[in-house]
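Contents: one structure, followed by commentary.
Fair warning: this is a prediction, and the values are worked out from it, not measured in the lab.
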Amino acid sequence: MPSTAGQVICCKAAVAWEAGKPLVIEEVEVAPPQAMEVRLKILFTSLCHTDVYFWEAKGQTPLFPRIFGHEAGGIVESVGEGVTDLKPGDHVLPVFTGECKECRHCKSEESNMCDLLRINTDRGVMLNDGKSRFSIRGQPIYHFVGTSTFSEYTVVHVGCVAKINPAAPLDKVCVLSCGISTGLGATLNVAKPKKGSSVAIFGLGAVGLAAAEGARIAGASRIIGVDLNSNRFDEAKKFGVTEFVNPKDHKKPVQEVIAEMTNGGVDRSVECTGSVNAMISAFECVHDGWGVAVLVGVPNKDDSFKTHPMNVLNERTLKGTFFGNYKPRSDLPSVVEKYMNKELELEKFITHEVPFSEINKAFEYMLSGAGLRCIIRMGA
């Protein structure tokens with residue numbers, strides 16, 4: 001066992017003291033893991049839109065001070081009581097949602113929404129005792145979605161840790177902890193396009209491009225990117241997008257434009273924007289009889305999805321997905337293997353890299369729309 005097992009570890013973490021204010025690199029104390037918990041040494045992390053959304057405290061009660069971060073790769077430093085499938089030195093991906101393997105959802109082949117460990121953005125503490133494992137001079141610092149990877153060491157419930165191939169480069173596969181897997185799985189696991197089929201992707205951010213990557217892997221012959229920003233099309237070509245539609249360029253609804261382009265509609269569509277209008281368009285643009293639309297984006301709480309019932313009666317199918325229908329512990333290792341086997345290309349998602357000391361640059365890149373994923377090198 002490492003010499004630090006059972007001891008408090010002092011390390012650096014990027015702390016958000018207030019909503020929307022730059023993170024501050026602080027010396028924090030990280031307590032040992034309790035029962036069914038794992039303490040991880042984070043080697044690489046990346047910034048996701050979810051971090052930025054809650055850092056800005058949009059539409060929710062802020063929990064500050066807080067350590068954000070949930071896309072990361074690291075190594076197990078020590079394990080708590082009851083942890084049997086992980087040991088110090090294992091290479092892992094911490095994940096914002098979990099898999100307890102005991103609840104009805106985890107035992108179902110159709111669901112990945114664990115009753116115990118599904119995402120909870122308001123909790124801020126560990127399940128075991130309702131307390132934080134982070135502190136600064138006795139002051140508790142809140143967790144974020146059970147991961148808090150903007151710290152050189154963090155404590156995570158074992159159900160939110162996926163053990164992966166130790167040969168996989170953590171500075172690449174760390175991006176699989178959230179958005180890339182969500183988009184990829186939305187296509188491969190839920191939409192399931194057949195080889196030679198047509199797919200429309202609504203929203204060409206990182207998640208949408210991951211959905212396009214899934215369509216490319218599945219062998220779709222036409223991948224139509226839909227976005228309000230025409231500048232995204234050149235980048236989207238790298239992910240297999242073959243055609244582009246900007247709704248602002250047309251007087252008629254975009255679903256009608258796509259139907260005309262495809263002789264009645266696409267075989268599959270994946271919506272990755274969170275706009276309820278895009279969701280409706282994504283559903284109404286699929287072909288009757290066999291079309292399947294998958295919703296990924298998170299809408300505003302007051303939004304209402306409206307479509308004519310005949311769109312359903314005419315045998316269009318509407319589905320939703322959470323984390324691409326991947327069970328973190330069971331399924332993420334195989335996604336990593338897709339990368340290792342060169343089926344999945346991750347490098348093209350990574351547009352920037354910064355040392356941990358310059359983590360606020362990652363926020364600047366994302367807020368300006370300058371890139372997709374910025375890798376943050378811990379300990380630098």
Side-chain angles (χ1 to χ4, degrees), residues 48-50 53 70-71 93 95-99 103-115 117-121 145 160 162 175-194 197 199-218 220 223-226 239-240 266-286 290-301 303 305 307 312 316-332 334-335 338 344 349:
C48 173
H49 277 285
T50 304
Y53 180 87
H70 65 286
E71 287 190 350
L93 301 181
V95 185
F96 68 94
T97 186
E99 181 186 356
C103 71
R104 291 181 64 191
H105 282 276
C106 286
K107 291 181 177 179
S108 167
E109 294 182 357
E110 300 179 16
S111 175
N112 68 335
M113 300 188 68
C114 176
D115 281 330
L117 298 169
R118 68 176 62 186
I119 186 172
N120 184 329
T121 58
V145 295
C160 295
V175 300
L176 293 174
S177 291
C178 184
I180 308 307
S181 293
T182 297
L184 184 74
T187 302
L188 294 179
N189 298 336
V190 187
K192 298 180 180 179
K194 297 178 181 178
S197 61
V199 181
I201 307 294
F202 285 73
L204 297 176
V207 176
L209 293 175
E213 179 80 350
R216 181 193 67 79
I217 292 171
I223 304 175
I224 302 170
V226 183
F239 299 83
V266 289
D267 302 306
R268 301 289 187 267
S269 70
V270 184
E271 183 282 325
C272 303
T273 71
S275 161
V276 70
N277 291 327
M279 294 178 179
I280 294 168
S281 296
F283 177 55
E284 294 182 353
C285 82
V286 298
W290 61 80
V292 177
V294 179
L295 306 186
V296 179
V298 179
N300 293 325
K301 63 179 181 178
D303 283 339
F305 185 98
T307 191
V312 179
R316 294 177 178 88
T317 300
L318 179 65
K319 294 184 175 183
T321 184
F322 173 73
F323 193 51
N325 205 231
Y326 286 121
K327 294 179 187 286
R329 298 163 80 183
S330 299
D331 298 333
L332 270 194
S334 64
V335 182
K338 283 185 182 295
L344 170 63
F349 289 98

What closest approach, in Å, do [X] and [Y] show between heavy atoms, and which atom pair accounts for it?
X: Val207; Y: Gly179; result: CG2-O, 3.7 Å
X: Ala162; Y: Leu332; result: CB-CB, 4.0 Å
X: Val286; Y: Ser269; result: CG1-OG, 3.4 Å
X: Thr273; Y: Gly203; result: CG2-CA, 3.5 Å

### Task
Taking side-chain hydrogen bond (donor to acceptor under 3.5 Å, both in side chains) as the test, write out the residues that go with Ser108, two or more places apart.
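Ser108: no side-chain hydrogen bond (donor to acceptor under 3.5 Å, both in side chains) contacts found.
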
### Query
side-chain hydrogen bond (donor to acceptor under 3.5 Å, both in side chains) with Ser181: which residues, sequence neighbours excluded?
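Applying side-chain hydrogen bond (donor to acceptor under 3.5 Å, both in side chains) to Ser181 gives none.
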
### Task
Applying salt bridge (charged side-chain N to carboxylate O under 4.0 Å, His left out), name anything that partners Glu71, two or more places apart in sequence or on another chain.
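Counting only residues at least two positions away or on another chain, Glu71 forms a salt bridge (charged side-chain N to carboxylate O under 4.0 Å, His left out) with Arg373.
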
### Task
Under the salt bridge (charged side-chain N to carboxylate O under 4.0 Å, His left out) rule, collect the residues that match up with Arg118, sequence neighbours excluded.
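Only Asp115 meet the salt bridge (charged side-chain N to carboxylate O under 4.0 Å, His left out) criterion with Arg118.
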
#### Entry: side chain to side chain donor-acceptor pair (under 3.5 Å): pairs with one or both residues in residues 317-328, sequence neighbours excluded
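Residue pairs with at least one partner in residues 317-328: there are none.
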
#### Entry: Summary of salt bridge (charged side-chain N to carboxylate O under 4.0 Å, His left out) pairs that have at least one residue in residues 266-282, sequence neighbours excluded
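Found none.
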
### Task
Can you sort out the partners of Phe96 under ring pair (Phe, Tyr, Trp, His ring centres under 6.0 Å), two or more places apart, ordered by chain and number?
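Result, ring pair (Phe, Tyr, Trp, His ring centres under 6.0 Å) vs Phe96: His70, Phe322, Phe323.
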
### Query
ring pair (Phe, Tyr, Trp, His ring centres under 6.0 Å) with Phe283: which residues, sequence neighbours excluded?
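Ring pair (Phe, Tyr, Trp, His ring centres under 6.0 Å) check on Phe283 returns nothing, list empty.
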
For the residue pair [X] and [Y], establish whether any side-chain heavy-atom pair is separated by less than 4.5 Å.
X: Val276; Y: Asn300; answer: no
X: Ile201; Y: Ile223; answer: yes
X: Leu176; Y: Leu344; answer: yes
X: Leu184; Y: Ile217; answer: yes

Starting at [atom1] of [X], measure out to [atom2] of [Y] and round the result to the nearest 0.5 Å.
X: Ile280; Y: Phe202; atom1: CD1; atom2: CZ; value: 11.5 Å
X: Cys178; Y: Leu93; atom1: SG; atom2: CG; value: 12.0 Å
X: Asn112; Y: Asp331; atom1: CG; atom2: CG; value: 8.0 Å

### Message
Once side chain to side chain contact (heavy atoms under 4.5 Å, CB included) is applied, do any residues pair with Cys114, and if so which ones, sequence neighbours excluded?
### Response
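Result, side chain to side chain contact (heavy atoms under 4.5 Å, CB included) vs Cys114: Cys100, Cys103, Cys106, Leu116, Leu117.
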
Listed pairs under 3.5 Å, donor-acceptor, residues 187-194 side chains, sequence neighbours left out:
from   : atom 1 : to     : atom 2 : distance (Å)
Thr187 : OG1    : Ala211 : O      : 2.8
Asn189 : ND2    : Gly324 : O      : 2.8

